[in-house]
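Since the structure is predicted, the reported quantities are computational estimates derived from the model, not experimental observations. Just follow the structure's listing: the first ligand is 1, and inside any ligand the first atom is 1.
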Amino acid sequence: MILVTGGAGFIGANFVLDWLALESEPVVNLDALTYAGNLGNLAAAAGNTRHVFVRGDIGDRALVASLLAQHRPRAVVNLAAETHVDRSIVGPVPFIETNVVATCSLLETVKAWWTTLAMAGRSTFRFLHVSTDEVYGSLDATAPPFTETTAYEPNSPYSASKAASDHFVRAYHHTYGLPTLTTNCSNNYGPRQFPEKLIPLTIVNALGGKPLPVYGDGHNVRDWLYVADHCAAIRKVLAQGTPGATYNIGGNAEMKNVDVVRSICTVLSERRPGRDYLQQITFVRDRPGHDRRYAIDATRMRSELGWTPGESFASGIRRTVSWYLDNEDWLAAVMSGAYHDWVSLQYAAIA
Ligand code: NAD
Ligand code: DAU
């Protein structure tokens, strides 16, 4: 079996559900259920005996050690993290606590267990760490995309904390021989993304008749990847990746933020006509230290592992908008009081 951390979050839940549908191995899913984690994301796995959910922290060494001893996973896929850049600007400490300290604790607990395995189990074991393209910093408009050898230049507390965790993963491979794999992926979108991130926030605000906040001039560029494609890439790296290697994963779909928001308005005006969603676009104060452009060169994923994204942005955004329109109960559940507290704090000027 495999142990997945953060499997009640956006990418983690999609990964677990896809895994249960496509693979035969069971999954132990360890998640602390922070504001971003939601058992409703895993509703489709209810009653599936191959899915074992455990509420807990990756930094809880006794808990993680007991899960490893009990379930003897052949791999750990680490998705647990604090993930929202704006929250890291408001308060970096939880990002240091989870993305650096707790991730190091997880590595240490896994390493201690892994060293007790027989040689065959030690060599086939994998620790796959899911990271981000944000560790590479910001690109100029004409700069070539990030490759696996691009120097790390993290600019936000979030990306600095992820960069630190990546370095520890690297060090655990180099120093102790732990068979690690690291993936650095671009912006994901799709079902079950918490509506603090640009795409789901735009969808819910548009439907609610609220402003669609675009930071700065709206010309910051992100490389968008549909979440199922990211999950497929993680499965590929887990199955075929070389221990110690890192893999850049991207959608080959660079877009300016304002164009992403406009495209959502276009889909909504077809699916839910009657309102001029474009009129709701509101340019607001820029994010401090806002990275201008991210772009991923995914040549290694394509040439070494045969992975390419299956979804275009045009098709993926339609599927995503449809999912949110069809899952109003999910939205109502996650947009609780705490969600409104965040929105009022972050968007005070336009609330
Ligand atoms: P998310 O915020 O939706 O979910 C994170 C999950 O981790 C939540 O379920 C939360 O409860 C859990 N968690 C947080 N702290 C924990 C802890 N200490 N112990 C156990 N569980 C904990 O995040 P996401 O967008 O699904 O991202 C998953 C991973 O992928 C992260 O490592 C993130 O850095 C990385 N990533 C995300 C994107 C993206 O666009 N969303 C892109 C590239 C990489
Ligand atoms: O690149 C991968 C990263 O993508 C992941 O590592 C992060 O976990 C994930 O949150 C995401 O980070 P971003 O900061 O790029 O995503 P976000 O959806 O917050 O913002 C996307 C872009 O849209 C960014 O340039 C900021 C802008 N934005 C965002 C929000 C929330 C707005 O213009 N308005 C908004 O209200």
To check your reading of the model: name the closest protein heavy atom to [atom], its residue, and the distance in Å.
atom                    : answer
atom 34 (N) of ligand 2 : Pro213 O, 2.9 Å
atom 36 (O) of ligand 2 : Tyr347 OH, 2.6 Å
atom 26 (C) of ligand 2 : His290 NE2, 3.4 Å
atom 1 (O) of ligand 2  : Asp133 OD1, 2.5 Å
atom 27 (C) of ligand 2 : Asn257 ND2, 3.4 Å
atom 21 (C) of ligand 2 : Leu198 CB, 3.9 Å
atom 33 (O) of ligand 2 : Tyr215 N, 2.8 Å

Ligand 2 versus [X], non-hydrogen atoms closer than 4.0 Å: side chain, backbone, both, neither?
X      : result
Lys162 : neither
Asn187 : both
Val85  : side chain
Arg287 : side chain
Glu134 : side chain
Leu201 : side chain

Regarding [X] and [Y], is there a side-chain donor-to-acceptor distance under 3.5 Å anywhere?
X      : Y      : answer
Asp86  : Tyr215 : yes
Tyr172 : Glu108 : yes
Arg271 : Ser322 : yes
Arg61  : Thr109 : yes

Does the ring of Tyr189 carry Arg222 above it, NZ/CZ under 6.0 angstrom from centre and within 45° of its axis? no

I need the atoms of ligand 2 closer than 4.0 Å to a non-hydrogen atom of [X], numbered in the order shown.
X      : value
Val214 : 33 (O)
Thr132 : 1 (O), 2 (C), 3 (C), 5 (C), 6 (O)
His84  : 19 (O)
Lys197 : 10 (O), 18 (O)
Tyr158 : 5 (C), 6 (O), 7 (C), 8 (O)

Scan for salt bridge (Lys or Arg N to Asp or Glu O under 4.0 Å) pairs involving residues 174-195, sequence neighbours excluded, and state none if there are none. none

Which pairs with one or both residues in residues 33-53 pass salt bridge (Lys or Arg N to Asp or Glu O under 4.0 Å), sequence neighbours excluded?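 Qualifying pairs: none.
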
Give, for atom CD1 of Ile317 and atom OG1 of Thr266, the distance between the pair rounded to the nearest 0.5 Å. 10.5 Å

Quickly, which of Thr150, Thr132, Asp166 forms a side-chain hydrogen bond (donor to acceptor under 3.5 Å, both in side chains) with Asn184? Name it, please.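 Per the side-chain hydrogen bond (donor to acceptor under 3.5 Å, both in side chains) rule, the option paired with Asn184 is Asp166, out of Thr150, Thr132, Asp166.
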
salt_bridge([X], [Y]) N-O dist < 4.0 Å:
X      : Y      : result
Arg319 : Glu311 : yes
Lys162 : Glu134 : no
Glu328 : Arg272 : yes

Examine Tyr294 against ligand 2 and note whether any of their N/O atoms are separated by less than 3.5 Å. no

Does Glu196 reach ligand 2, in the sense of a heavy atom lying below 4.0 Å from it? yes

Evaluate Glu82 against Arg87 for salt bridge (charged side-chain N to carboxylate O under 4.0 Å, His left out), listing each step before the verdict. CA-CA 9 Å; Glu82 291 292 335; Arg87 288 187 194 251; over 6 Å; no

Taking the inter-plane angle between the rings of Trp113 and Phe125 on a 0 to 90° scale, is it parallel (under 30°), tilted (30 to 60°) or perpendicular (over 60°)?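 Perpendicular: the ring planes of Trp113 and Phe125 meet at over 60°.
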
For a 4.5 angstrom cut-off between non-hydrogen side-chain atoms, does Tyr176 reach Thr115?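 No, every pair of side-chain atoms sits at 4.5 Å or beyond.
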
Share the residues that join Val85 in a hydrophobic cluster, the rule being Ile, Leu, Val, Met, Phe, Trp or Tyr side chains under 4.5 Å apart at the heavy-atom level.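 Result for Val85 is Ile89, Phe95, Tyr158.
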
Enumerate, one pair per line, all nitrogen or oxygen atoms of ligand 1 lying under 3.5 Å from a protein nitrogen or oxygen, stating the separation to 0.1 Å; write 'none' if no such pair exists.
{"unit_1": "ligand 1", "atom_1": "2 (O)", "unit_2": "Thr83", "atom_2": "OG1", "d": "2.7"}
{"unit_1": "ligand 1", "atom_1": "3 (O)", "unit_2": "Phe10", "atom_2": "N", "d": "3.0"}
{"unit_1": "ligand 1", "atom_1": "9 (O)", "unit_2": "Gly9", "atom_2": "N", "d": "2.9"}
{"unit_1": "ligand 1", "atom_1": "9 (O)", "unit_2": "Asp31", "atom_2": "OD1", "d": "3.2"}
{"unit_1": "ligand 1", "atom_1": "9 (O)", "unit_2": "Asp31", "atom_2": "OD2", "d": "2.6"}
{"unit_1": "ligand 1", "atom_1": "11 (O)", "unit_2": "Asp31", "atom_2": "OD1", "d": "2.6"}
{"unit_1": "ligand 1", "atom_1": "11 (O)", "unit_2": "Leu33", "atom_2": "N", "d": "3.4"}
{"unit_1": "ligand 1", "atom_1": "11 (O)", "unit_2": "Thr34", "atom_2": "N", "d": "3.0"}
{"unit_1": "ligand 1", "atom_1": "11 (O)", "unit_2": "Thr34", "atom_2": "OG1", "d": "3.1"}
{"unit_1": "ligand 1", "atom_1": "18 (N)", "unit_2": "Asp57", "atom_2": "OD1", "d": "3.1"}
{"unit_1": "ligand 1", "atom_1": "18 (N)", "unit_2": "Asp57", "atom_2": "OD2", "d": "3.4"}
{"unit_1": "ligand 1", "atom_1": "18 (N)", "unit_2": "Thr98", "atom_2": "OG1", "d": "3.2"}
{"unit_1": "ligand 1", "atom_1": "19 (N)", "unit_2": "Ile58", "atom_2": "N", "d": "3.0"}
{"unit_1": "ligand 1", "atom_1": "21 (N)", "unit_2": "Ala32", "atom_2": "N", "d": "3.0"}
{"unit_1": "ligand 1", "atom_1": "26 (O)", "unit_2": "Phe10", "atom_2": "N", "d": "3.4"}
{"unit_1": "ligand 1", "atom_1": "26 (O)", "unit_2": "Ile11", "atom_2": "N", "d": "2.7"}
{"unit_1": "ligand 1", "atom_1": "32 (O)", "unit_2": "Leu79", "atom_2": "O", "d": "3.3"}
{"unit_1": "ligand 1", "atom_1": "32 (O)", "unit_2": "Val130", "atom_2": "O", "d": "3.4"}
{"unit_1": "ligand 1", "atom_1": "32 (O)", "unit_2": "Lys162", "atom_2": "NZ", "d": "2.7"}
{"unit_1": "ligand 1", "atom_1": "34 (O)", "unit_2": "Tyr158", "atom_2": "OH", "d": "2.7"}
{"unit_1": "ligand 1", "atom_1": "34 (O)", "unit_2": "Lys162", "atom_2": "NZ", "d": "3.1"}
{"unit_1": "ligand 1", "atom_1": "40 (O)", "unit_2": "Asn188", "atom_2": "N", "d": "2.8"}

Nearest heavy atom to atom 8 (O) of ligand 2 wins, so pick from Thr83, Ile11, Val135.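 It is Thr83 whose heavy atom sits nearest to atom 8 (O) of ligand 2.
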
